[in-house]
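One structure is given here, and the rest of the page talks about it.
The structure presented is a predicted model; accordingly, all values stated were derived computationally and were not measured.
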Amino acid sequence: MEELKRILSVYPKRMIDLTRLEELTKSFVHTYEEFADVILQLEKDQILEMVKSKGRTARTPSLAYQYRIQKSVLASSHHQELQIYRNKLHPAILLDEYFRIDPVVWKQDLPFIEKIDHYLKAFGFPNEPVPAPERSFELVHDEKWIVEKGGKEVLERIGLYERLQIIPVSEPLMFAVNPGQIHKENQFHLIVENKTTYQGLLPALVDTEFSTLIYGSGKVITQLSHLKNKH
């Protein structure tokens, strides 16, 4: 039911045929009876409104051949849930962003938001900065969450990333030297900012005219380019 609501909330059209509804639900609804129960409940909740001119099927239970999606009702349900949580969660946790984005993001973020809420109510805001893995473990008991699993984005959505005093983990600079080119008068250096690209090019470095292959992400690349231009 919730999965179909999410799909309908972002469906690009206001009208939807019964056949299309069957296609959208086949991965999580496996019998006609289950499908009919879901659609009839959405009718009851006024999320799906029958297009009377198209009629209904002869099957039992009977469903409409075409429905009008009441997106305002879907949005209202989602917004009501957000209002409830806004009153329950720590006042520093901001939910404004979730009123504007796909409700599925809210569902994905909620378990982590609840853990952060528990942390803030128990300990308040930290007084000292600590590295991201340490703060990540304190918040959600997973040291990789902030850096590798989207935690930074969640904290930014709820307006807490800066307030939690997180020291970001920087990618180390990596480089490889081509021994066949390093002593030549003219030097060529290949700089990449994607680790996968760096690892893919590494075995082929000896077959190129580049003296070095350098990896540095984000600001590291900018700094390298600045130094190169100075010299």
Test of understanding: with ring pair (Phe, Tyr, Trp, His ring centres under 6.0 Å), list the residues that count as partners of F137, not counting sequence neighbours.
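Result, ring pair (Phe, Tyr, Trp, His ring centres under 6.0 Å) vs F137: H141.
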Where do L190 and L205 land on the side-chain contact (heavy atoms from CB on, under 4.5 Å) test, with the steps shown first?
CA-CA 10 Å; L190 178 59; L205 178 61; over 6 Å; no
Quick test of your reading of the model: are [X] and [Y] salt-bridged, counting only N-O distances below 4.0 Å?
X: E43; Y: R56; result: yes
X: R157; Y: E153; result: no
X: R135; Y: E128; result: no
X: K44; Y: D37; result: no
X: K26; Y: E23; result: no

With distance as the sole criterion, is a donor-acceptor pair present between the side chains of E143 and S136 under 3.5 Å?
no
Any side-chain donor paired with an acceptor under 3.5 Å for E49 and Q70?
yes
Hphob cluster co-occupancy, Y65 + V51, side-chain heavy atoms under 4.5 angstrom:
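Different clusters: Y65 never reaches V51 through Ile, Leu, Val, Met, Phe, Trp or Tyr contacts under 4.5 Å.
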Taking F123 as the starting point, is it possible to reach I158 by hopping between hydrophobic residues whose side chains are less than 4.5 Å apart?
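Yes, I158 connects to F123 through the hydrophobic network.
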Listed by chain and number, what are the salt bridge (Lys or Arg N to Asp or Glu O under 4.0 Å) partners of K121, not counting sequence neighbours?
D117
Mind telling me whether W106 and Y98 have parallel, tilted or perpendicular rings, with 30° and 60° as the class edges?
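Geometry flag for W106 against Y98: perpendicular rings.
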Between V38 and T25, does the side-chain contact (heavy atoms from CB on, under 4.5 Å) criterion hold? Intermediate values first, please.
CA-CA 10 Å; V38 169; T25 58; 5.6 Å; no
Determine whether the aromatic ring centres of residues F210 and H189 are separated by less than 6.0 angstrom.
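They do not qualify: ring centres at least 6.0 Å apart.
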